[in-house]
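So the structure is just underneath, and the comments pick up after that.
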Amino acid sequence: MSQGGGTESTPDAPTQKAGVPATPARRRLSADDRRKQLVGIGLMMLRAQPIHELSIDAVAAEAGISRGLLFHYFPTKRDFYIAVMRAAGRRLLRVTKPDASLPPADQLRQMLLAFVAFVSRRRDSYISFVRGAAGGDVFVVEVYAETRAALTARVLTLLDQDAEDQPSSPVRLTVHAWLAYVEDLAIEWSGLPEAERPYSAEQLVDRMLSALKALS
């Protein structure tokens, strides 16, 4: 207490050394925000490496947390990988979503051009996604199937076909198989040096649409 006024004195604030920048206080993230941050880091790393090569230690280090704390948010490595793969699937659906104001035929073309661009940018990661599904890796198979089903439903809608709830519908089976062709063509085309590609992205999409028309 001060002798004259009865008010409590406050301790002096710590002094900042001249020329030394203050260290910003680290904001404490909520559990949901931390999970989103970790998945986002996983997605960023997927640009350069397939899911199975994703390092948990590297993800934790990038987030500024320990490996053990990462497992507080995702109980196992598999849980984390599933979260990253689901986010990757959602991203694919988001970036290939066409402009709803366009006519259906233009929407389909826009969707295919976006898909080709997506595969071209992330070719190695996308191939690991496809091969993981083909190899029977359970969590990759599940996410891959969900993504392919969503793309199939989108195409059916653009074709004015209401068959997404009928797995045995001939038109649904046709579109589902056609998407496999689209995927393989995009992977093979994007793997060629640009100077050796026999046609442009627009011409590639023309071929995809011609194949769909022939199957219909």
Check Arg123 against Ile187 and note the closest heavy-atom contact, atom names and distance.
NE-O, 2.9 Å
Just so I know, are the side chains of Gln107 and Arg154 near enough to count as touching, which here means a heavy-atom distance under 4.5 Å?
no
Identify the heavy atoms of Ala186 and Val116 that sit nearest to each other, and give their distance.
CB-CG2, 4.3 Å
Please determine whether the number of non-hydrogen atoms from other residues, nucleotides or ligands lying under 6.0 Å from atom CG of Asp160 exceeds 12.
no
Donor-acceptor pair between Ser30 and Asp32 side chains, under 3.5 angstrom
no
For Gln37 and Ala63 the tightest heavy-atom approach is OE1-CB, 3.7 Å
Taking the side chain as every heavy atom from C-beta outward, state whether Val155 and Met111 have any pair of such atoms under 4.5 Å apart.
yes
Can you name the nearest heavy-atom pair linking Val95 to Ala114, along with the distance?
O-CB, 3.5 Å
Could you tell me whether the side chain of Leu215 reaches within less than 4.5 Å of the side chain of Tyr181, counting heavy atoms only?
no
Taking side chain as C-beta onward, heavy atoms only, is Leu54 less than 4.5 Å from Phe80?
yes
Spatial distance of atom OG1 (Thr152) from atom CZ (Arg148) [nearest 0.5 Å]:
6.5 Å
Would you indicate whether the side-chain heavy atoms of His72 and Arg34 approach each other to under 4.5 Å?
no
So how far is it from Leu102 CG to Leu108 CG, rounded to the nearest 0.5 Å?
11.5 Å
Would you call Arg109 and Asp106 a salt bridge, taking side-chain N to carboxylate O under 4.0 Å as the test?
no
Is there side-chain contact between Met85 and Glu142, with heavy atoms separated by less than 4.5 Å?
no
Any side-chain heavy-atom pair from Leu92 and Tyr126 closer than 4.5 angstrom?
yes
Flag the pair Leu159 / Leu212 as yes when at least one side-chain heavy-atom distance between them is below 4.5 Å, and no otherwise.
yes
Can you check whether Trp189's main-chain N or O pairs, donor with acceptor, with Arg197's side chain at less than 3.5 Å?
yes
Is it true that a side-chain atom of Gln203 and a backbone atom of Ser200 form a donor plus acceptor pair closer than 3.5 Å?
yes
For the CG atom of Leu151 and the OG1 atom of Thr96, what is their distance to the nearest 0.5 Å?
5.5 Å
Are Met44 and Val143 connected in the hydrophobic side-chain network, where two residues link if heavy atoms are under 4.5 Å apart?
yes
Which heavy atom of Pro98 sits nearest a heavy atom of Gln110, and at what distance?
CA-OE1, 3.0 Å
For the pair Ser101 and Asp99, evaluate side chain to side chain donor-acceptor pair (under 3.5 Å) and give the outcome as yes or no after the intermediate values.
CA-CA 5 Å; Ser101 68; Asp99 181 351; 2.8 Å; yes
Shortest non-hydrogen contact from Met208 to Val182?
CE-O, 3.6 Å
